[in-house]
Participant: 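Here's a structure for you.
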Amino acid sequence: MTKTTKPNTTQSEERLLTEEEIRAMGDDDYMNAAQLAFFKNRLQELEKELLKNAGETTEHLRETVLVPDPADRATIEEEHALELRTRDRERKLLKKVQQSLQSIDGGEYGWCEETGEPIGIPRLIARPTATLSLEAQQRRELKQKLYGD
C-alpha cells in the first residue's frame with residue numbers, strides 16, 4: 001500500500017499549491033495530501049533556514065576579534081549576547097518545527113491538541129507550528145494571565 005501511495009506523493013510534491021489555492025479549498029479538503037505537502041515543504045524550508053542561521057552564528061562567534069578599547073569590547077559582547085538570545089529563540093522554534101514535521105508524518109497535523117477540532121488553514125499559514133485552535137490558544141493565554149501558569 002505504501003508503494004502505491006509514494007508515486008502520488010511525489011507527483012503532488014512536484015507542484016506545490018500556493019497559499020491562495022489552499023485558502024480557496026473547502027472544508028471537505030482539510031488536511032488532504034496536497035495541503036500536507038504544502039505545509040511539510042514550508043516547515044522543511046523553515047528548518048533549513050534555522051539550521052543555516054545556527055551555523056552562521058557559530059562561525060561568527062569563532063571570528064571574534066580582540067579589541068583593546070573597553071567600549072568597543074562591550075559593544076561586541078552585547079552584539080554576541082543579542083545574537084545568542086535570538087538563536088536560543090530559534091532553537092526553540094526549531095524544536096516546534098521538527099515536532100510539526102513528525103505530526104505530519106503521524107497524521108495529526110492541523111488538528112487541535114486540546115479539542116481535536118481543525119486548527120484552520122489561515123492560522124496554519126500564519127503559524128505553521130500551531131498546535132492549538134485559535135479558541136483553545138485564547139483560553140490558554142487567558143488562563144496564564146489569570147493564574148500566572
Participant: With a cut-off of 6.0 Å (strictly less than), are more than 12 heavy atoms of other residues, nucleotides or ligands near CZ of R140?
Facilitator: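 Open: at most 12 neighbouring heavy atoms sit under 6.0 Å from CZ of R140.
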
Participant: Taking atom NZ of K52 and atom OG1 of T57, what is their separation to the nearest 0.5 Å?
Facilitator: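 Between atom NZ of K52 and atom OG1 of T57 there are 10.5 Å.
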
Participant: Going only through I, L, V, M, F, W and Y residues with side-chain contacts under 4.5 Å, is there a path from Y30 to L36?
Facilitator: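 In one cluster with Y30: L36, yes.
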
Participant: With clusters defined by side-chain heavy atoms of hydrophobic residues (ILVMFWY) lying less than 4.5 Å apart, directly or transitively, does L132 cluster with Y109?
Facilitator: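 No, no single cluster joins them.
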
Participant: Let me see the working for K48 and E45 under salt bridge (Lys or Arg N to Asp or Glu O under 4.0 Å), right down to the final yes or no.
Facilitator: CA-CA 5 Å; K48 281 185 215 172; E45 290 298 318; 3.4 Å; yes

Participant: Checking R127 now: which residues fulfil side chain to side chain donor-acceptor pair (under 3.5 Å) with it, not counting sequence neighbours?
Facilitator: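 If we apply the side chain to side chain donor-acceptor pair (under 3.5 Å) test to R127, skipping adjacent residues, there are no hits.
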
Participant: Given R123 and Q137, is the side chain to side chain contact (heavy atoms under 4.5 Å, CB included) satisfied, shown in steps?
Facilitator: CA-CA 11 Å; R123 178 160 166 75; Q137 183 66 36; 3.7 Å; yes

Participant: Report yes or no: does N32 contribute a side-chain atom to a donor-acceptor pair with the main-chain N or O of D29 at less than 3.5 Å?
Facilitator: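 A pair under 3.5 Å: yes.
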
Participant: May I ask whether I104 and L93 are part of the same hydrophobic cluster, defined by side-chain heavy atoms of I, L, V, M, F, W, Y residues being less than 4.5 angstrom apart, directly or through others?
Facilitator: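 In one cluster with I104: L93, yes.
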
Participant: Please collect all salt bridge (Lys or Arg N to Asp or Glu O under 4.0 Å) contacts where either partner lies in residues 102-113, sequence neighbours excluded, each pair once.
Facilitator: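 Non-adjacent pairs meeting salt bridge (Lys or Arg N to Asp or Glu O under 4.0 Å): K40-D105.
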
Participant: Could you grab the distance from atom CZ of R42 to atom CD of Q44, nearest 0.5 Å is fine?
Facilitator: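 These two atoms lie 13.0 Å from each other.
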
Participant: Using a strict cut-off of less than 4.0 Å between a Lys/Arg side-chain nitrogen and an Asp/Glu carboxylate oxygen, indicate whether D88 and R85 qualify as a salt bridge.
Facilitator: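 No salt bridge links D88 with R85.
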
Participant: Just jot down the salt bridge (charged side-chain N to carboxylate O under 4.0 Å, His left out) partners of R87, sequence neighbours excluded, or say none.
Facilitator: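 Expected list: E90.
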
Participant: Let me confirm one number: the CH2-OG distance from W111 to S133, rounded to the nearest 0.5 Å.
Facilitator: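 One finds 11.5 Å between CH2 of W111 and OG of S133.
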
Participant: For the CD1 atom of I119 and the CD atom of E135, what is their distance to the nearest 0.5 Å?
Facilitator: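 If I round to the nearest 0.5 Å, the distance is 11.0 Å.
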
Participant: Hydrogens and angles aside, do Q102 and Q98 bring a side-chain donor and acceptor to less than 3.5 Å of each other?
Facilitator: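 Checked: Q102/Q98 side chains show no N/O donor-acceptor pair below 3.5 Å.
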
Participant: Within this structure, what is the OG1-CG distance for the pair T75 and D69, rounded to the nearest 0.5 Å?
Facilitator: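 With rounding to 0.5 Å, OG1 (T75) is 8.5 Å from CG (D69).
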
Participant: Just do the side chain to side chain contact (heavy atoms under 4.5 Å, CB included) check on N53 and E56 with the steps written out, would you?
Facilitator: CA-CA 5 Å; N53 288 347; E56 288 174 0; 4.0 Å; yes

Participant: Measuring from F39:CZ to L101:CG, what's the distance to the nearest 0.5 Å?
Facilitator: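 It comes to 12.5 Å.
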
